[in-house]
Amino acid sequence: MATAPDVDAILEKLLAVKNRRPGTNVQLTEAEITFLCTTSREIFINQPNLLDLEAPLQIVGDIHAQYTDLLRLFEFKGFPPEANYLFLGDY
């Protein structure tokens, strides 16, 4: 059985482009992408439909999958888990 990809290493790759021009590609392997999708799906499925959230909380509208906008938001308001976010929209 193959070992799961290192989440911290994946995050480092994703955050490495934060000071580059919009549209800069991030190179992830197929195994890393599959791992992220599968893990995210499991987390979403196991969360309740109604969340009990505590302040302070940043409420964010639909960012239309604009990764550079997400990074800019995190730079301005703080990266999780130092800042809490509720994302609205269809992603």
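Every value quoted in this text rests on a predicted model; they were computed, and no experiment measured them. All values below come from the heavy atoms of this structure, side chains included, with hydrogens, waters and symmetry mates left out.
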Residues 39-52 side chain polar contacts: donor-acceptor under 3.5 Å, at least two apart:
{"from": "Thr39", "atom 1": "OG1", "to": "Phe35", "atom 2": "O", "distance (Å)": "2.8"}
{"from": "Ser40", "atom 1": "OG", "to": "Leu36", "atom 2": "O", "distance (Å)": "2.7"}
{"from": "Asn46", "atom 1": "ND2", "to": "Glu42", "atom 2": "O", "distance (Å)": "2.9"}

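A 4.5 Å side-chain heavy-atom check between Thr38 and Thr34 finds at least one atom pair inside the cut-off. Between Val17 and Thr68, the closest side-chain pair of non-hydrogen atoms is not below 4.5 Å. No side-chain heavy atom of Val60 sits less than 4.5 Å from a side-chain heavy atom of Leu70.
Taken from CG in Leu53 to CG in Asn84, the straight-line distance is 8.5 Å, to the nearest 0.5 Å.
Nearest heavy-atom pair across Ile59 and Leu88 is CG2-CD1, 3.7 Å. The heavy-atom pair separating Ala83 from Gly78 by the smallest distance is CB-O, 3.6 Å.
Among residues at least two apart or in separate chains, salt bridge (Lys or Arg N to Asp or Glu O under 4.0 Å) pairs with a member in residues 16-37 are Lys13-Glu32, Lys18-Glu75.
In this structure, Tyr67 contributes its side chain and Leu14 its backbone to a donor-acceptor pair below 3.5 Å.
Partners of Tyr85 according to the ring-ring contact (aromatic ring centres under 6.0 Å, His included) rule, which considers only residues two or more places apart in sequence or in another chain, are Phe74, Phe87. Judged as a salt bridge (Lys or Arg N to Asp or Glu O under 4.0 Å), and not counting sequence neighbours, the contacts of Asp69 are Arg72.
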